[in-house]
Amino acid sequence: MKDDSKSLFGELFETPRRKVVPVLVPMPAPTAYSYAVPDGLTVEPGAIVQVPLGPRQVIGVVWDGGEDTSVDPKKLREITKVFDCPPLDKDMRTFLDWVAAYTLSPPGYVARMALRAPAAFDPEPMIEGLRYAGYEPERLTPARQKVLEMAADGLSWTKSGLAHASGVSTSVIDGLVKQGVFEQVFLPPPPLVAAPDPDYAENRLAGPQKEAAEEILDSLRKGGFTVSLIDGVTGSGKTEVYFEAIAETLKQGKQVLILLPEIALTANFLERFQDRFGSKPGEWHSDLATRTREKVWRQVATGEIRVVAGARSALFLPFENLGLIIVDEEHDPAFKQEDRVFYNARDMAVVRARIANFPVVLVSATPSVESQVNCIAGRYTRIHLPTRFADAAMPDLHLIDMRRAPPERGGFLSPILLRSVGKAVERGEQALLFLNRRGYAPLTLCRVCGHRFQCPQCSSWLVEHRFRGQIQCHQCGYHEPTPNSCPECGTLDHLVACGPGVERIAEEVEKHFPDARTLVLSSDIGGVKRLRLELEAIANGEADIVIGTQLVAKGHNFPLMTLVGIIDADIGLSNGDPRAAERTFQLLSQVTGRAGRTGRKSLGLLQTFQPQHPVMQAIVSGDAAAFYEREITERERAQLPPYGRLVSIIVSADTRAEAEGHARGLRQAAPHESGIMILGPAEAPLALIRGRHRFRLLVHGRRNSDMQAFVRSMLERGPKERRSIQVQVDVDPQSFL
DNA sequence: GACTTTCACTAA
DNA sequence: TAGTGAAAGTCC
């Protein structure tokens, strides 16, 4: 509107009103920052831009909302660049805002998780190509003849591709280009993966698998948001069932995301996918090469990649048209990020689906208690697969009461277990011994003065690793060469290893079975490549006795394995974690499920000091339902909030006294809350240990709002206190359903 | 006194 | 988060 009374002076000197937009920048500010839009540029919400921030240029996203008038116009700086890249759509922006609010994280951090591909925002450069221009060369040599025949169809070729296909060297082609026989064209970069074909392989589902698939397909065809939990023992055909859901979604022209806990170990999964769909899905995980990561990001955004299999961070990819998320192994703690933005990808997947209105499928042989509760409450639909596919029998499970059948002095293997291992080896079958403890011994002490080796950084025990000749801290990664004298009293050669680790079990096994081929599988020995080779070797029968930690629990098939021995089934039952029983139940179920896929008779033996413990009873009886029911009531009795409404906040502190101070503050700020636990160094997430916070406070609350109020009030205090607080909002399905 | 490490603060 | 400057700690 024109103001006629405005003076000439005013017209000349009043700064013209610039357009101002909010931009989320990658730093912990509570709101978006305002930036001026340079003349001639247009930006819309979701656009990815480069902006000046202090002394540097950063990448940000134009956000929703009007101009923030509280910012001094003199402070405004201009957007430097708008990237030629699909903007984040409205659903994605709503999702990122939701995650930021729910996890009490700065929105800029959350947005940054969606922009983890530095150079992906400019289009991929075109590839130089050649096309037959229709002219004859001056001299037609045999080599030139071959090239012309190959290119006669008028399609575009890359120089090296054409040379290779015609069996000539590239210089022949250079000659032809010089004469103008070929013209230069620019080709779009090739897709990373071929499009999956939903009809590539016919599904051969039958019985309960077929019914389960039909149920999910029904909800897919109806459209809209639903959460299904596919729950069935190892080998019951869960993957085949959700592959049908993927096929249906692809037929609808939408993209699919498959979240997996640890993508690095899933070559096996990618192959199965390829067998069903004719091509591999796009992969997304932290150790992708930068270049590949950028390509995947961009091709997901443009819709070229139809299916992504990825780790938790894949949830923040900017899909063009996402229509289904599968969360495989939904109970797995690897879905939880405990660093910067604390989130559980399984729950945030449900939120993303809710916002964009499409289905989610959670999958697990041993579902989390939260998901069980959500099924009982009717929020999730349970799809149960009761039997093993193709008649593979479950192993026969027994407990070994270690008080009645103790190992010989200095050993850890019960005579009962040793006998069974011997028999399996004699029959030419494989045995798996599982102990969830890396290294040789979890504790080293001096026999003379009683000194215990402790980590100087975080005060947990240092674990001896004999293969490497080191003692290591499993919390923060500190390590030093194994000493041979006590640092306290100086006595030489009187250090003694206490308790077993897999390396020590291997020693014991080799003593009893010197002729058997023994192999130790542990995450600290060799990289992913070596592990893959070893798993293959085991599958080919190149080992008789395998001794392994956690990682043997993850979906690898050992077809020759007919005996599984659990060395210390009680590990983890008493570590202060409110989920200890649940975790142990899940881990032991997964490990014992490794045996018995051959159709042969197989056996599982669990060494325990607590044979009456509900976890042990549930494992041997196979009655998972009873275990969950009991676990839910147990937690309620322990004054933990009803599950499915767990909220936890971590306040970390350097000393126990400091932690107790925070606990007092919390009780005042949120009197409705129930359980507050102070956990020692071993229970704190790695990220906190790295920041040298040695204790953490785990709060289980009933009301998200109270917890949020408390955390906000703490964050408003000084920087020192702010740094001692990390917030982890765990599970609260009521907020997103 | 030169150099390194730690800490608090700021960015539109 | 990443860059900065001031303050505190370390070394010869």
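It should be emphasised that the depicted structure is a prediction, and the values quoted were computed from it without experimental measurement. Lettering of chains follows the sequences in order, A, B, ..., and the numbering in each one begins at 1.
Residue A:Tyr33 places none of its side-chain N or O atoms closer than 4.0 Å to OP1 or OP2 of B:dA11.
Taking the ring centre of A:Tyr109 as origin, the terminal cationic atom of A:Arg340 falls outside the region bounded by 6.0 Å and 45° from the ring axis.
A:Gln470 and A:Thr482 form no side-chain donor-acceptor contact under 3.5 Å, judged by distance and modelled atom types alone.
Distance A:Glu67 CD to B:dA12 C1': 12 Å, rounded to the nearest Å. Spacing between atom CG of A:Asp72 and atom C1' of B:dT10 amounts to 16 Å, rounded to whole angstrom units. As a whole-Å value, the separation of A:Met27 CE from C:dG3 C1' is 13 Å. Separating the CE atom of A:Met113 from the C1' atom of C:dT1 is a distance of 14 Å, rounded to the nearest angstrom. Distance A:Leu53 CG to C:dT1 C1': 9 Å, rounded to the nearest Å. The separation between A:Ile59 atom CD1 and C:dA2 atom P is 13 Å, rounded to whole Å. In this structure, A:Lys74 atom NZ and B:dA11 atom C1' are separated by 18 Å, rounded to whole Å. If you measure from atom CD of A:Gln57 to atom P of C:dA2, you get 15 Å, rounded to the nearest angstrom.
A:Pro28 comes within 4.0 angstrom of a base, heavy atoms only.
No donor-acceptor contact under 3.5 Å links the side chain of A:Arg56 to the base of C:dT4.
Proximity of the aromatic rings of A:Phe342 and A:Tyr102 is defined here by a centroid distance below 6.0 angstrom, and this criterion is not met.
Legend: residues meeting side chain to side chain contact (heavy atoms under 4.5 Å, CB included) with A:Asp89, ordered by chain and number and at least two apart, are A:Asp91, A:Met92.
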